[in-house]
Each structure stands twice: as C-alpha cells, then as structure tokens.
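All values below come from the heavy atoms of this structure, side chains included, with hydrogens, waters and symmetry mates left out.
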Amino acid sequence: MSAVSDRLPTFPWDKLEPYKKTAAAHPDGIVDLSVGTPVDPVPELVQKALIDAADSPGYPTVWGTPALRDAICGWLERRLGAREVTHRHVLPVVGSKELVAWLPTQLGLGPGDRVAYPRLAYPTYEVGARLARAAYETYDDPRDLDPAGLKLLWLNSPSNPTGQVLGKDELTEIVAWARAHGVLVVSDECYLELGWEADPVSVLHPDVNGGSYDGIVAVHSLSKRSNLAGYRAAFIAGDPAVLGPLLEIRKHGGMMTSAPTQAAVVAALGDDAHVHDQRARYAARREALRSALLSHGFRIEHSEASLYLWATRDEPCWTTVAHLADLGVLVAPGDFYGPAGDTFVRVALTATDERIAAAVARL
C-alpha cells in the first residue's frame, strides 16, 4: 500500500534552499521576504492572558470555552458585520493550515468528488484534496466550473499570493451560484483585516449571503492580525449544518486548541488597538518596498490587500529569485502558487523595519 506521502507534491520550499544560501552570503546578511511569518512582538495583553492561563492541567475542549465562543461571535459581528451569530455558528481550529489541509477529508470527500480553488493559490488547497483522494482543479471565475460532482469551492479574498480582493457584488453572485448548484463555499479570509487599496468583505456579511449562512463557511486566523502564528490560533464560522458534524469529527480526533491559547485568543479578539498598530507597521513597510521595487524595474499587480506584493519583471520567476538573492534578498517564486505565476515573485512584508530598510537600500 502506498504511503500517504506518495499522494503529495514535492514540498516547494525545498527548491528555494540554494537561493537562500546565496542571499545569506551577502555581507550585510539575508533579508528574508519569502515566507509570511510575523516578526513583531505578540501584543502584551495577549501574552498576559496566555501566562494567566498557564496553570491549565485539564484537557481543553474542541469547541472551546464559552468565553472563546463569545469572543469569536462578538468579533464576527463587530468587525465583519455578521448578524445573529451564535455558538452553533463557530468552531475554533488549531491554526488555519491544519483546517485547510484536512477539511476535504473531514467533509468525507474522496474519489469521484471535486475540489476547486483559484488558479493562483496557497498550495495547501491542493494538498487537502490530494489527502482525501478527491479530484482538484483551478479556476479564474468559479461560475465557469462544471458544478457536477463539485463538492467544495475554495475562495480566497484577500488572495495569497496576489493580494487580489473579490468585490461584494462578485462574492454575492458566487455564493448564489454555489447555492443554486449545491456546492459548499469555504472562504479563506485570513488577510481580511489587511486591506490597503480595497476594503475586503466577508461571505458572512448579510449583503453577500442574504442573511443566511446556509452553504457557506469562512476561515479566519489570528496569525497575521495579532502576530499569533506561533500560537496556532484560528476559527471557522458559518453554516451549523457543516460545523456541527465537523465538531464531532474533531472531538474524536482530539483536534483541540490548548487552553492557554484559547484564553489568549479571547484577549486578542477583544482588542482592536493592537491590530491598528500592526497595520500601521505593515503599511509603512509596504510603501517602502513597493517604491523600491518599482524603481528597480518591477511591475506590481493587484496587491491591494494582504501581506505581500505580487511583482514581476516579465521574466521567469526563478531568474528574478536568483537576481534578488544576489542582492541578499530572498523572495518566493510565483510558480509555487501555480503555473500562472511563473513570471512573478511574491514579496512578503513580514520583516523588521531594519531588514526592510536594508532591502530598500539594496534595490
């Protein structure tokens, strides 16, 4: 019997290692803009909540504490404009990547079922379909897909890697199309609070879903908004008919967020000030990098939101990666996110101000 790993593609980041070594050899050190991992401190109020909950000898629950569910519901209504959100509409998860990778399996998908995701996309959507042995395909407009056998439609707005934002009207039409064909919509909205030249909207907004959560689920993470990537803190929200069975499956699988992390999430979701502060940091870094890349001969497409600049010099992406590595700057090649990205690179904003300044100087 083949190992599960045989179903998976080669881990793309391994291909970047030689270029990382080149960049690291720069006299002033590497500026690593390849991975969107936060580098700024975890907000103090979140750290305090974690520490205060450190004495947690008992097992946490998969559904989370009532306080956690209250915090999620309150944030969804306050920040996303969702209405009438109850505990039945929410479910904590152990980081959003875990959810993305295992959702098709937990939904019971398999051979004969189809999963679709954007043509330029986070690689884990494909990985999740492969783990479930479901078929997978990409789209430019999901409404052009054949709905027969299509069980899971991934949306990603703001997009990783492009930063593209789907407008309210387009989201509304996609949700209506999916409902008409009995297709579950799962919208990955992990960068929603990082809109720069657009104001991203959630599928949970009543203007998009008509006041009903039927057939829709949104995925949210605290990794980017609150610098909690190391905590593994995320949640999903939407249709109770989907979340209820997922809760039971995850109970059996022991997929629970640690009790101290749950307490930290309550603190993080209850405070908007630290999010505004972090946005300001990223906005300054984005403007500095954007100007430097444009001056260096790059063209930037989309990038109206999220933590990345989607940039090109109209050459093979690995040529661009090599050129920037010679300057001591490491970026991600666009083909990591699909063949349509083969002339682009993804440039992350997640480096310290000092390292961003170094990249700008080199460019």
Those residues at least two apart in sequence (or on a different chain) that pass salt bridge (charged side-chain N to carboxylate O under 4.0 Å, His left out) with Glu77 are none

Kindly state each residue pair satisfying salt bridge (charged side-chain N to carboxylate O under 4.0 Å, His left out) with at least one member in residues 209-220, sequence neighbours excluded. none

Selection residues 42-51 - residue pairs positive for side-chain hydrogen bond (donor to acceptor under 3.5 Å, both in side chains), sequence neighbours left out: Lys48-Asp52

Sequence neighbours excluded - ring pair (Phe, Tyr, Trp, His ring centres under 6.0 Å) pairs with any residue from residues 169-199: Trp177-His181, Tyr191-Tyr308

Set of salt bridge (charged side-chain N to carboxylate O under 4.0 Å, His left out) partners for Arg346, sequence neighbours left out: none

Can you list everything that forms a side chain to side chain donor-acceptor pair (under 3.5 Å) with Trp318? Sequence neighbours excluded, please. Asp335

Quiz question: by atom type and distance under 3.5 Å, do the side chains of Asp326 and His323 form a donor-acceptor pair? no

Salt bridge (charged side-chain N to carboxylate O under 4.0 Å, His left out) contacts in which one or both residues fall within residues 216-229, not counting sequence neighbours: Glu193-Arg225

Are Tyr125 and Leu120 linked, directly or through intermediate hydrophobic residues, by side-chain heavy-atom contacts shorter than 4.5 Å (ILVMFWY only)? no

Which residues pass the salt bridge (charged side-chain N to carboxylate O under 4.0 Å, His left out) test with Asp199, sequence neighbours left out? none

Same cluster or not: are Val93 and Leu109 linked, directly or through other Ile, Leu, Val, Met, Phe, Trp or Tyr residues, by side-chain heavy atoms under 4.5 angstrom apart? yes

Under the side chain to side chain donor-acceptor pair (under 3.5 Å) rule, collect the residues that match up with Ser223, sequence neighbours excluded. Ser221

With sequence neighbours excluded, residues passing side chain to side chain donor-acceptor pair (under 3.5 Å) with Glu197: Arg286

For residues 260-268, which side-chain N or O atoms pair as donor and acceptor with protein atoms under 3.5 Å away, sequence neighbours left out?
{"residue": "Thr261", "atom": "OG1", "partner": "Ser258", "partner atom": "OG", "Å": "2.8"}
{"residue": "Gln262", "atom": "OE1", "partner": "Thr65", "partner atom": "N", "Å": "3.0"}
{"residue": "Gln262", "atom": "NE2", "partner": "Thr61", "partner atom": "O", "Å": "3.4"}
{"residue": "Gln262", "atom": "NE2", "partner": "Thr257", "partner atom": "O", "Å": "2.9"}

Which donor-acceptor pairs under 3.5 Å do side chains of residues 100-107 form with protein atoms, sequence neighbours excluded?
{"residue": "Gln106", "atom": "OE1", "partner": "Arg250", "partner atom": "NH1", "Å": "3.4"}

